[in-house]
Amino acid sequence: MFKKLRFLRYQDLDWKMVLLILVIVSVFVRFPFFFRDYVDRDESTFILMGQSWVNGHLPYTQLWDLKPPITFLYFAIIIKIFGKSFFAIRLFGAVMVALTSLFTYGVAIKITTKKVAFWTAIFCVFFQSLFGSLQGVMSEHICTFFFVAALYLLVYQNDAKWFFTSGLLLGLSVMTKLNMAYPVFCLGLYFLWEGFYGNHAWKNIKNLVFMGTGFFVTIACTAIPYYFQGDTQVWWKSVFEAPLAYSEGRFHSPWRTLPYVGTIILLLGSGFYLKLIDWKSKNIQLLTIVVIGILISYVQSGKVNGHYLIQLYPFILIPLGMAVAKLPPIQKKYRAVIAVLLILVPMESYLEYGNVISNKIKKSSFYNGEGIDVPRYIIDHNLKTEHIFFTEYHIGYWILDETPPTKPATHPSNITREELFPYMNNPRKSGVEELKYIMEVIRPKTLVARKGKKIFDKKLLGYNNYIDEYLENHYQLEATVGRGLIYQRLK
């Protein structure tokens, strides 16, 4: 009787109830990070680019970063409506994670039981929110949301207008994170193959034409503002040419991706071999081809950060959830242990809740982190902010209503990425030249660094030796705020 009732609970779940649960879980897990200064350096850069757009400057014209424009549009819209609010940016990020998980649930119930689909969606929230630098809003969160929504339409609908709509969404995904072009291409190949294999090639070709039309309409729309400003070349170089150059950078190697790619292939291969995952299912084939496309993009880029895996989680969790469901059931005596482990999964969130409360008691503010505290110290002590240079905690530009000293300095590490300089439309052509221009020509009155960490990648000895020597000769340490070092230029 208990098992029957438990089964009915899953069966009785409707979309509204699932969405409500996912939003609650997502907000609960991510809520304490609403008050963090920044969670990942990339997020700070996206905020700066979004603010620049709000101020009337198209991406890549005043500031520059290595992402397509839809990433910055997300932040620009929220800043335009809600102003400078970490809370709003992170809240909408939490809702987006919940919606991504809801679409994952929708795809899953087409393939497996509601129980498996529900827990897949819950773990989709966890994996997109925990374990590293995922608590902020990353470009991977945004592109994955659009891609999963597109896949949901492809699973449920099979006529031209929905293929066109899915093409629009896939275009938004690629214009958020360019590597998603690989799974889009793999999807196209799959539908072409499936059409010939199933003797309905013409129908699939027609649908692919509509999907491709929607895809290119989205891409063309991102170019229109640049066309009217006569900056189409800036758009082309920044969106398409720069990422290709970056993927061939000196610190990127396909061999570094093998632990991630190999693990995923091993998990999927084992599921198919042991017949825990039904390879003959069309929807499983769709998920698999998307996973393969994403893995190919990792190998091509030669780099996998923790937040890159956000793109994989919705597509890999469904077949893994199905495989786990076919394993022998957990014995009753172990179910309490599993329940405790499940409660402990968001341990990072519990610790951050404690950090937020502690910060409120000590500093009378829920908002915390050096990205908040350093600008507050600068304001309180009337330090010069004109041409300020943040080598770390560069969210401080946003808080202080300042802009980075040069276009490459939008993200501090871009100064050292010399392979990108030809695409920035920047007067200086090398990283060392750029750094010397900032320090010797702009001559920032205030510079912010991080205690216990080299200003640039430790492998870049030339950059670090130059700026360390320059700081020693021309700056003095004004204050240490947490791990933030505030330097003042000597007169």
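From a predicted model like this one, the values you see are computed outputs, not experimental measurements. Computed from heavy atoms alone, side chains included, the values below leave out hydrogens, waters and symmetry copies.
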Sidechain-backbone polar pair: [X] side chain, [Y] backbone, donor-acceptor under 3.5 Å:
| X | Y | value |
| --- | --- | --- |
| E43 | V137 | yes |
| Y487 | L471 | no |
| D373 | V481 | no |
| T391 | I455 | no |
| N425 | T61 | no |
| S85 | F82 | no |
| R30 | V97 | no |
| T71 | T176 | yes |
| T218 | G171 | no |
| Y463 | L435 | no |

Determine, step by step, whether Y60 and W53 satisfy the ring-ring contact (aromatic ring centres under 6.0 Å, His included) criterion, reporting the C-alpha distance in whole Å, the side-chain angles of both residues, the deciding distance to 0.1 Å, and the verdict.
CA-CA 10 Å; Y60 324 115; W53 202 341; 8.7 Å; no
For a 4.5 angstrom cut-off between non-hydrogen side-chain atoms, does [X] reach [Y]?
| X | Y | answer |
| --- | --- | --- |
| I79 | I47 | yes |
| Q135 | R36 | no |
| S139 | F72 | no |
| L286 | V107 | no |
| M439 | L447 | yes |
| L63 | P404 | yes |
| L130 | S349 | yes |
| L309 | F127 | no |

Contacts of type ring pair (Phe, Tyr, Trp, His ring centres under 6.0 Å), residue F240, not counting sequence neighbours:
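By the ring pair (Phe, Tyr, Trp, His ring centres under 6.0 Å) rule, F240 matches W235, W236.
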With sequence neighbours left out, what residues match F185 under ring pair (Phe, Tyr, Trp, His ring centres under 6.0 Å)?
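Partners of F185 by the ring pair (Phe, Tyr, Trp, His ring centres under 6.0 Å) criterion come out as none, since no residue qualifies.
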Hey, do the aromatic rings of [X] and [Y] have their centres closer than 6.0 Å?
| X | Y | value |
| --- | --- | --- |
| F87 | F35 | yes |
| H141 | F145 | no |
| F31 | F28 | no |
| F390 | Y397 | yes |
| F366 | F34 | no |
| F46 | Y74 | no |
| F210 | F164 | no |

Would the number of heavy atoms belonging to other residues, nucleotides or ligands and lying under 6.0 Å from [atom1] of [X] be above 12?
| X | atom1 | result |
| --- | --- | --- |
| K451 | NZ | no |
| K360 | NZ | yes |
| K84 | NZ | yes |
| Y227 | OH | no |

Is the shortest side-chain N to carboxylate O distance from E370 to R450 below 4.0 Å?
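Answer for the salt bridge query: no.
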Test log, rule salt bridge (charged side-chain N to carboxylate O under 4.0 Å, His left out), inputs R41 and E392
CA-CA 8 Å; R41 297 175 83 194; E392 191 71 49; 3.7 Å; yes
Go through the steps for S413 and R417 under the test side-chain hydrogen bond (donor to acceptor under 3.5 Å, both in side chains), then give the verdict.
CA-CA 7 Å; S413 65; R417 294 171 178 171; 3.3 Å; yes
Output, in order, the C-alpha distance, side-chain angles, deciding distance and verdict of side-chain contact (heavy atoms from CB on, under 4.5 Å) for M424 and W64.
CA-CA 7 Å; M424 292 186 188; W64 196 94; 3.7 Å; yes
For a side-chain contact (heavy atoms from CB on, under 4.5 Å) check, start with the C-alpha distance between F389 and V448, then their side-chain angles and the critical distance, and finish with the verdict.
CA-CA 6 Å; F389 184 25; V448 177; over 6 Å; no
Distance only, no hydrogens: is a donor on one side chain within 3.5 Å (strictly under) of an acceptor on the other, for T385 and E402?
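Yes - a donor-acceptor pair under 3.5 Å links their side chains.
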Side chains of Q311 and N179 only: does a donor on one sit below 3.5 Å from an acceptor on the other?
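Note: Q311 and N179 side chains meet the donor-acceptor criterion.
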Of all heavy-atom pairs between [X] and [Y], which one has the smallest distance, and what is that distance?
| X | Y | result |
| --- | --- | --- |
| A181 | V174 | N-CG2, 3.6 Å |
| Y393 | A449 | CE1-O, 3.8 Å |
| R90 | D37 | NH2-O, 3.6 Å |
| L153 | W162 | CD2-CE3, 3.8 Å |
| G50 | A76 | O-CB, 3.6 Å |

Working to the nearest 0.5 Å, report the span between NE2 of H387 and OG1 of T403.
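That separation rounds to 8.5 Å.
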Value rounded to 0.5 Å, distance of CD1 in I388 from CD1 in I486
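Answer rounded to 0.5 Å: 8.0 Å.
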Apply the test side-chain contact (heavy atoms from CB on, under 4.5 Å) to residues L168 and F146: give CA-CA distance (whole Å), side-chain angles for both, the deciding distance (0.1 Å), then the verdict.
CA-CA 9 Å; L168 294 173; F146 290 128; over 6 Å; no
Which one of I467, D468, L461 satisfies the side-chain contact (heavy atoms from CB on, under 4.5 Å) criterion with F456?
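Answer to the side-chain contact (heavy atoms from CB on, under 4.5 Å) test with F456 among I467, D468, L461: I467.
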Could you walk me through whether E469 and N465 pass the side-chain hydrogen bond (donor to acceptor under 3.5 Å, both in side chains) test, one step at a time?
CA-CA 6 Å; E469 183 179 347; N465 290 339; over 6 Å; no
Between N355 and N368, does a side-chain hydrogen bond (donor to acceptor under 3.5 Å, both in side chains) hold up when you go through it step by step?
CA-CA 8 Å; N355 189 40; N368 62 93; 3.1 Å; yes
Dump the intermediate steps for side-chain contact (heavy atoms from CB on, under 4.5 Å) on T416 and D457, then the final yes or no.
CA-CA 9 Å; T416 66; D457 190 296; over 6 Å; no
Give the ring-plane orientation class for F147 versus F315, where under 30° counts as parallel, over 60° as perpendicular and anything between as tilted.
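Ring orientation, 0 to 90° scale: perpendicular.
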For F123 and F126, take the angle between the two ring planes, folded into 0 to 90°, and tell me which bin it lands in: parallel under 30, tilted 30 to 60, perpendicular over 60.
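The arrangement is perpendicular - the two ring planes meet at more than 60°.
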Within 45 degrees of the ring normal and closer than 6.0 Å to the centroid, is that where the cationic atom of K177 sits relative to Y308?
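Because its charged atom sits under 6.0 Å from the ring centre and within 45° of the axis, K177 does stack over Y308.
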Can you pull the side chain to side chain donor-acceptor pair (under 3.5 Å) pairs that have at least one residue in residues 434-448, sequence neighbours excluded?
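For residues 434-448, and leaving out neighbouring residues, the side chain to side chain donor-acceptor pair (under 3.5 Å) pairs sorted by first residue read T406-E434, N426-E434, R428-E434, E440-Y466, T446-Q488.
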